[in-house]
Amino acid sequence: MITTLKINGKNHQIEAPEEMPLLWVIRDIIGLTGTKFGCGVAQCGACSILVDGILVKSCSMPLSFGIGKEITTIEGASGNLEILREAWQEGNVPQCGYCQSGQLIAATFLLENNANPTDEDIDNAMSGNICRCGTYPRIKKAIHSAVKLKNQGNE
Amino acid sequence: MSNIQKINRRDFVKIFGLTSTGIILGCNISSDKKEFIPASNENSFSPNLFIQIHKNGNITLMASRSEMGQGIRTSLASAIADEMEADWKYVTVKQAIGHEKYGNQNTDGSRSVRTILEPMRKMGATAKMMLIAAAAQKWNIAESDCKAENHFIINQKTTEKIFFGDLIDVASKMPIPDENTIQLKKVEDFNYIGKTLKSVDLKDFTHGTAKYGMDIRIPNMKFAAIARCPVTFGTVKSFDSSAAEKISGVEKVIQLDRIVPPIGQFFGALGGVAVIANNTWSAFQGKINLDIEWNYGENHSFDTEKFNELLTKRVHQKGKLVPGSKGNVTNAFTNAEQLMEATYHVPFLVHTPMEVPNATAWFQGDKVAVWAPVQDPQTARAEIAHFFEIPIENITVNVTFLGGGFGRKSKSDFVVEAVALSKKINAPVQVVWTREDDVKHSFYHATSVQYLKGSINEKGQVTGWLQRVALPSIVSSFKPLSDYASGFELNQGFTNNPYHIQNFRLENVKAEAHLRIGWMRSVVHIHSGFANNSFADELAFAAKKNPIDFQMELIGKDQIIERKSDYPYNSKRMKKVLENTAKIADFNRKRPENYGIGIAVHYSFYSYVATAVEVSVIDGNVKIEEVWTTIDCGLVLNKDNVINQLEGAAIFGISLALFGKITAKEGAVEQNNFFDYQMTRMKDAPKITINIIDAMNQPPTGVGEPGVPVIAPAICNAIFNATGKRIRTLPLIDVDFS
């Protein structure tokens, strides 16, 4: 099908089968490669994106699901994503870095819906994202730091 | 792997580019033919292959090793910058292609820092010397009156200073100093070494702009998925591709024959049926829709459950005596106060780096270009030259970021596949493995069965230790019918365990390979670390001794054992990490009911590690509560990076202890994806504390791997402490704790 997909505020005219998962539309058709393939079955979260603000595993949702909606990928921007990036860098979080696009998007979704998450909230929100390098302790710390950074900014 | 390749003087000179006729502008060399370009014609000065200083003061440093999360791009660059007295803010890091001019680039065995730290420091030091020589000439003073500091050369007589960037014209005309005149900095003078520098790639990692293998895009490139025989080395009998060809985006379906490696080297490729498409998803869909009949071949009867039974039977019979055994265990057992026996099982494991194996290749007649996440780009290049008969100088292997490696990406079979397909379709192509492909067709971390028998005297001391090891060998992937663990494998924690036992007998037991066997993070140390520490804990309990005191006794008196390496084993260092871990974990504190603590020590990649783990076992659920690890890895290059690696190693170890298990039936691997080959997730991740012993005067030793082998045994020992239940078979997910 020929359609338009709005990603990070920009409209992209594309031609792709409507059942093609958003992950592959974004990576192979549009060419934004920050969103990663990890499992293809919504198990690892490397492909996480936001669709109208909702956290979605893009490997398992078809193109048709994204049409007419606002999609945010790791290449995009939002207040919380920017602050999380800062916290990620401050905490020297990534090792290989591959899963971190998905981790940052999942953390963005968490902070959009919970301004002050507890450790348990973070565990629940982030357990859909696998990091094989094992950066979980740093991710958790960075999310807490992001909250602090944000609160400082609001003072 | 433990095979240490030292850069000897001749190699050093070669990669250094020392020559009497000119300066190698390393960054501009595009072939084996060394080009000598007068530096004065350029806007930059390259004293050697690893450093380029630009007029504006920016410095480009070459990373010769692959970045897979171990922070090597940052670490090696920081060593060069430190010796140069460069200001870190001017540094950018460039990834080297696969080329022998960079010396050995094989990124595995936790040896990058260990083997090339000194050469890298010398690269930096020569640059500094040439900049000083240039400044001295400008000022017409002695070089000894100049010093380098924070990107400037300072005239110590007048305190005048000149910026590095302003010296490149003159510096490039200076003679390259003799290696013997290089003076490296003292530990107390380091600016970056031993401190913490954040990754140079943080911005890219947090913006989705780091380019991994799968992110490579070449105009008109195709995407390919390959259906491989479920049984190792099976072949295609026939196939029907009509359904696959109807998938939108699929362009072609072609058979790919197995590429058999010659004995002793390379990895070749499995072969199968390849679907070529104009996007990844269509290639995947096409693959699912293939109807293939296979010749399964001789591995069809392989069944891991039966194999485990076979190995268990074998380890209860006498095996081949391994050199390094000492004393007489039979006498020790006869005179024992107590005898203990135990059999330990570790299943097959797989690496599952988050980025699946993939490679992009463009075969262009007499030349080949590859972009791939490879740990060993020179072997990839050599494989291409061998299998496709292309002169090696016409092959370019560009190393992308690796989305995790863990040993999987040392084997370049996925590169060979991409080149073979590009040749067949005459277009650039990216081969992408699905996660199922990765789980089902890997080079697996071998299974093992071990039988241990030990004797204790009336003082509760260990007098005899018999260990039989059945372990399919990595060598089988290079030389078929290698049915016993090889010497280098037994040297990973078996012949060189940290224990001082008078009567020690090691026996090697036959174990055939029916899957491709490879190495995974910390390799055979996973087996030795698990059995040694589990059995030590069993003996400690039998001897009614505190596990820490018992391990201390087993490590024994202060001694230094010279082995065939530059890194003698020092039992004092082993005891120090154990002592420190016991202290930070408050090991002897009484834990609440259903809580337990366990200890493990291990010596691997020349580093000393001790880990304590606290667990709780409540309502049948094992929870890893906390982990404390102490490492002595000699000189620390980047402190926070070492901590990050050890934290990651703990998580990696927890994954394999809790979930890691690959099984095969009728020759085919049964697991598929992360739902049945699980990983530790955030909710399972404990609090982790890492301590590093200050040993800056010692040579650097391994960091990426040594944190792994201690985790599973420390967990199992903690479970015993909490519940009285002894775990001798991994993983824990198969154990009923209710």
Side-chain angles (χ1 to χ4, degrees), chain A residues 16-17 19-21 23-25 27-29 31-41 43-44 46 59 73-76 81 84-86 88-102 104 120 122-140, chain B residues 67-71 196 198-199 201-212 214-215 217 223 248-249 278-282 284 352-356 401-406 432 434-436 640-641 644-645 647-652 654-655 673-675 679-683 685 687-688:
Chain A
E19 69 274 19
M20 183 184 279
L23 169 67
W24 301 113
V25 176
R27 286 184 56 85
D28 292 359
I29 311 293
L32 290 170
T33 55
T35 305
K36 302 303 185 197
F37 168 70
C39 69
V41 290
Q43 287 285 310
C44 77
C59 72
T73 69
I74 187 65
E75 290 91 349
L81 181 54
L84 284 160
R85 280 183 177 128
E86 202 180 314
W88 246 241
Q89 297 188 26
E90 181 55 39
N92 203 23
V93 171
Q95 288 187 31
C96 86
Y98 190 81
C99 75
Q100 301 296 346
S101 300
L104 280 159
E120 199 184 342
I122 294 173
D123 283 348
N124 290 333
M126 300 302 292
S127 282
N129 291 69
I130 295 173
C131 173
R132 185 59 159 146
C133 299
T135 62
Y136 301 123
R138 285 171 188 245
I139 290 173
K140 188 179 283 187
Chain B
E67 180 59 78
M68 49 191 178
Q70 83 284 37
T196 284
K198 285 178 188 163
S199 164
D201 299 308
L202 280 175
K203 191 164 177 281
D204 285 332
F205 287 156
T206 53
H207 288 76
T209 46
K211 293 288 175 212
Y212 299 86
M214 276 187 72
D215 302 332
R217 296 289 180 263
F223 296 83
S248 164
N278 61 19
N279 68 82
T280 316
W281 184 71
S282 295
F284 284 2
T352 59
M354 290 314 295
E355 181 199 28
V356 289
F401 278 104
L402 279 65
F406 313 116
V432 181
T434 62
R435 178 59 63 193
E436 289 78 8
D640 191 54
N641 191 54
N644 211 348
Q645 283 302 294
E647 288 171 352
I651 300 290
F652 199 92
I654 292 169
S655 287
N673 204 313
F674 291 126
F675 53 82
M679 296 292 122
T680 306
R681 292 173 183 270
M682 178 80 90
K683 64 181 167 50
K687 186 179 174 210
I688 302 170

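Note on naming: letters A, B, ... go to the chains in the order of the sequence lines (proteins, then strands), and numbering restarts at 1 for each one. Predicted model, so just to flag it, every value in this text is computed and none were measured.
For a residue to count as touching a neighbouring chain, one of its non-hydrogen atoms must lie under 4.5 Å from one of that chain's; by this rule A:Ile130 touches chain B with backbone and side chain alike. Using a 4.5 Å cut-off between heavy atoms, A:Asn124 does not touch chain B at all. In this structure, the portions of A:Pro94 lying under 4.5 Å from any heavy atom of chain B include both its backbone and its side chain. Of the two parts of A:Glu19, the backbone and the side chain both hold a non-hydrogen atom closer than 4.5 Å to a non-hydrogen atom of chain B. With a 4.5 angstrom heavy-atom cutoff, B:Leu202 touches chain A via backbone and side-chain atoms both. For B:Lys211, the part sitting under 4.5 Å from any heavy atom of chain A is the side chain, from C-beta outward, and nothing else. Of the two parts of B:Gln70, neither the backbone nor the side chain holds a non-hydrogen atom closer than 4.5 Å to a non-hydrogen atom of chain A. B:Ser199 touches chain A through backbone and side chain together, each having a heavy atom under 4.5 Å away. Neither the backbone nor the side chain of A:Val25 has a heavy atom closer than 4.5 Å to any heavy atom of chain B. With a 4.5 Å cut-off on non-hydrogen atoms, B:Leu402 touches chain A through its backbone but not through its side chain. Contact of B:Asn644 with chain A is made through backbone and side chain together, with heavy-atom distances under 4.5 Å. Interface residue B:Phe674: backbone and side-chain heavy atoms are both found under 4.5 Å from chain A.
Your options are A:Cys39, A:Cys59, A:Pro137, and the one with the most heavy-atom pairs under 4.5 Å with chain B is A:Cys39. When A:Glu120, A:Glu90, A:Arg138 are compared by the number of non-hydrogen pairs under 4.5 Å with chain B, A:Arg138 comes out ahead. Comparing B:Gly648, B:Ala210, B:Ser248, B:Gly71 by how many heavy-atom pairs each has under 4.5 Å with chain A, the most go to B:Gly648.
Between A:Lys36 atom NZ and B:Met354 atom CE the span is 12.0 Å, to the nearest 0.5 Å.
Between B:Asp215 and A:Arg27, at least one side-chain N (NZ, or NE/NH1/NH2) sits under 4.0 Å from a carboxylate O, which counts as a salt bridge.
The aromatic rings of A:Phe37 and B:Phe284 are tilted relative to each other, their planes meeting at an angle between 30° and 60°.
With A:Asn92 as the partner, the side-chain hydrogen bond (donor to acceptor under 3.5 Å, both in side chains) test is satisfied by one option alone out of B:Asn641, B:Asp640, B:Thr196: B:Asp640.
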